[in-house]
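Working notes for the structure below.
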Amino acid sequence: MESPETLTFRFENNLVEGAERPAMKRRRVAVLGGGMTGSVLSLHAKRLNAGEITLFERADILGGLHKSPEVDGFPYDIGAFFFSPDHPVFRIFPGLIDHFVEFDLRVRTVTEGGKQDRYPLSISGYRKNHGSLTMLRAGASILWNKWANRTRDTLPAICRYYVGDVIYMGGGLKNYIERLYSLHDHEIDPLFATKRMAKLVDLAGFRNRFATSLRDAWKPRKHAVALARPRAGFQHMYAVIECALTAEGVDVRTEANVQGIEKDERGFLVSTDRKTERFDAVVSTIPVPVTARLIDIPIHQRFETVSLLTLFYSFEGDPGFDAEVMSNFSNSGRWKRMIDFSGPYGRSHELHRISVEIPLAPHSGPVDIQAAHRDFMASAHSLGLLVDGDIELLGHHLTPHAYPIYRTDAVADLERDKQAISDWGILLCGRQGAFDYVSSAAAAANAIAMAERLARDAATALTPSNRWRPSHS
Ligand SMILES: Cc1cc2nc3c(=O)[nH]c(=O)nc-3n(C[C@H](O)[C@H](O)[C@H](O)COP(=O)(O)OP(=O)(O)OC[C@H]3O[C@@H](n4cnc5c(N)ncnc54)[C@H](O)[C@@H]3O)c2cc1C
């Protein structure tokens with residue numbers, strides 16, 4: 001065991017072991033929230049020598065929005081269970097990938113009349129579903145809208161610019177967006193397009209579609225290879241993450257609900273229900289309004305969010321679709337997406353395990369599970385899905401604050417409120433922490449960037465005058 005006087009200092013490319021040096025006052029960094037962002041950020045910051053890292057998570061396990069509630073002996077998920085092999089989390093936690101299940105990912109959409117296509121759409125699928133004439137109209141509409149909506153100053157203008165009016169209205173994209181937010185498309189800020197729809201717009205873009213179709217005609221595309229979270233659920237994935245964090249010296253505190261942050265001339269005082277400790281820097285990945293409350297500054301804008309109701313089903317029979325993910329681009333039902341877990345994990349007791357996601361608008365009142373179930377079943381049957389077999393509703397999960405809402409009239413105020421928190425001294429990062437509509441891969445990438453910033457700050461703070469400051473003894 002090292003004494004404080006003979007600490008081992010690790011520099012990026014310069015390991016100095018066992019050298020007798022006076023103890024250095026290590027910079028202490030508090031990371032609030034142990035979801036994807038907090039976990040990746042903590043380990044990367046530790047490895048980059050950004051300081052001693054303490055990770056505070058109020059739940060008894062890490063994972064945040066990544067949850068796999070067990071229902072009828074099967075771990076379902078509240079969101080997507082699959083990751084791309086180039087997800088940044090595998091770079092930071094390389095051993096993690098061994099716990100994942102590889103499978104061919106098929107993602108489809110269902111539109112009016114139960115017509116199915118590859119997500120979000122394919123030229124061949126569109127022609128098959130709508131006929132050559134409509135496809136020609138769609139092509140003409142894309143060309144016209146490239147000119148008519150060239151300013152791209154509203155969300156509908158951006159969508160029409162990329163996919164044209166015929167596809168936007170008739171292909172179900174407008175329904176999908178409005179269902180997600182329970183708002184009219186013109187009430188949603190264009191920021192949504194850059195956050196949520198970059199890939200979708202890119203995929204649906206004419207040039208991209210054309211190139212993809214040419215490539216498919218030349219060499220039929222295999223399904224995308226994806227990695228599904230460990231068979232036992234996200235809990236297992238985050239248990240592996242917690243082990244790696246602890247092994248590399250991150251101080252992981254679960255069941256540590258941060259209840260207040262104050263500051264003085266020597267740093268930040270972070271209080272949990274157990275104790276108060278001093279830190280040199282604080283990064284928050286917990287919801288922005290909670291951070292504002294912790295530091296006791298007023299915020300002016302409502303940070304509105306959509307909650308998500310997930311229904312968990314078993315289904316015996318032919319579900320009527322051949323995919324892991326089916327997105328609802330039709331006009332019917334409140335459901336957004338259906339996920340079948342059989343692809344990566346196989347059927348469990350001959351049953352398909354299916355989850356269904358239903359966005360709930362803010363202020364939509366108490367949740368009526370049976371009404372949501374009836375609405376989903378009526379819609380699915382009208383679209384020819386889950387007709388041939390027996391379905392059973394086994395449970396549900398409510399995720400508050402699942403998606404941030406960017407209203408056109410609120411975005412500037414949201415940014416001002418976030419800036420006020422940053423000006424106070426707290427660094428913001430993550431899906432809820434920065435009110436940022438990011439996928440888990442983008443959350444991890446942003447966490448890596450934040451860790452690098454902390455490392456730069458630490459290097460600046462270690463001026464020659466304080467680098468080898470004698471210990472208080
Ligand atoms: C329903 C749903 C579906 C999704 N689907 C997909 C998808 O298909 N593909 C994809 O890539 N991404 C998807 N995502 C996004 C992905 O899950 C998130 O981007 C990612 O998990 C965000 O991680 P985070 O660490 O930023 O936030 P979070 O997971 O929210 O972590 C924040 C943590 O802070 C903790 N906390 C809060 N308050 C305190 C406090 N006072 N003290 C201490 N700790 C506190 C919370 O317990 C939580 O663990 C989905 C998300 C949801 C909700």
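We count ligands from 1, going down the list as the structure has it; atoms in each ligand are counted the same way.
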Would you please indicate if the ring centroids of His99 and Phe93 are separated by under 6.0 Å?
-> no
Any chance the rings of Phe74 and Phe341 have centres within less than 6.0 Å?
->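 Yes, the ring of Phe74 comes within the 6.0 Å limit of the ring of Phe341, centre to centre.
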Please confirm whether [X] comes within less than 3.5 Å of ligand 1 when only nitrogen or oxygen atoms on both sides are compared.
X      : value
Gly430 : no
Thr37  : yes
Val290 : no
Met36  : yes
Glu57  : yes
Tyr403 : no
Leu294 : no
Thr285 : no

[X] and [Y]: which non-hydrogen atoms are nearest, and at how many Å?
X      : Y      : result
His186 : Thr408 : O-OG1, 3.7 Å
Phe312 : Thr310 : CE2-CG2, 3.5 Å
Ala228 : Pro344 : CB-CB, 3.7 Å
Val250 : Ser42  : CG2-O, 3.8 Å

Could you check [atom] against the protein and tell me its nearest heavy-atom contact, residue, atom and distance included?
atom                    : value
atom 44 (N) of ligand 1 : Arg58 N, 3.2 Å
atom 2 (C) of ligand 1  : Gly79 CA, 4.0 Å
atom 34 (O) of ligand 1 : Gly33 CA, 3.2 Å
atom 15 (C) of ligand 1 : Arg431 NH1, 3.2 Å
atom 40 (C) of ligand 1 : Asn257 OD1, 3.4 Å
atom 53 (C) of ligand 1 : Leu65 CD2, 3.7 Å
atom 8 (O) of ligand 1  : Ala80 CB, 2.8 Å
atom 1 (C) of ligand 1  : Leu308 CD2, 3.2 Å

Is there side-chain contact between [X] and [Y], with heavy atoms separated by less than 4.5 Å?
X      : Y      : answer
Arg108 : Phe321 : no
Arg118 : Tyr126 : no
Ile405 : Val306 : yes
Leu96  : Val89  : yes
Tyr176 : Ser327 : yes
Pro319 : Met338 : no

When you look for heavy atoms under 4.0 Å from ligand 1, do you find them on the side chain of [X], its backbone, both, or neither?
X      : answer
Arg337 : side chain
Ala59  : neither
Val258 : both
His66  : side chain
Ser39  : neither
Ile78  : backbone

Which ligand 1 atoms does [X] reach within 4.0 Å, using its non-hydrogen atoms?
X      : answer
Val438 : 15 (C), 19 (O)
Ala256 : 42 (N), 43 (C)
Gln432 : 30 (O)
Ser440 : 10 (C), 11 (O), 12 (N), 16 (C), 19 (O)
Phe56  : 43 (C), 44 (N)

Backbone of Leu32 reached by a side-chain donor or acceptor of Thr285 within 3.5 Å | yes
Output yes when a side-chain donor or acceptor of Asn328 lies under 3.5 Å from a complementary backbone atom of Ser332, and no otherwise.
->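 A pair under 3.5 Å: yes.
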Quick one: which of Thr272, Ile286, Ile61 has a heavy atom closest to atom 38 (N) of ligand 1?
-> Ile286
From CA spacing to verdict: ring-ring contact (aromatic ring centres under 6.0 Å, His included), His373, Tyr313 = CA-CA 10 Å; His373 166 59; Tyr313 290 98; 5.5 Å; yes
Do Glu248 and Lys46 sit within salt-bridge range, that is, some charged N less than 4.0 Å from a carboxylate O?
-> no
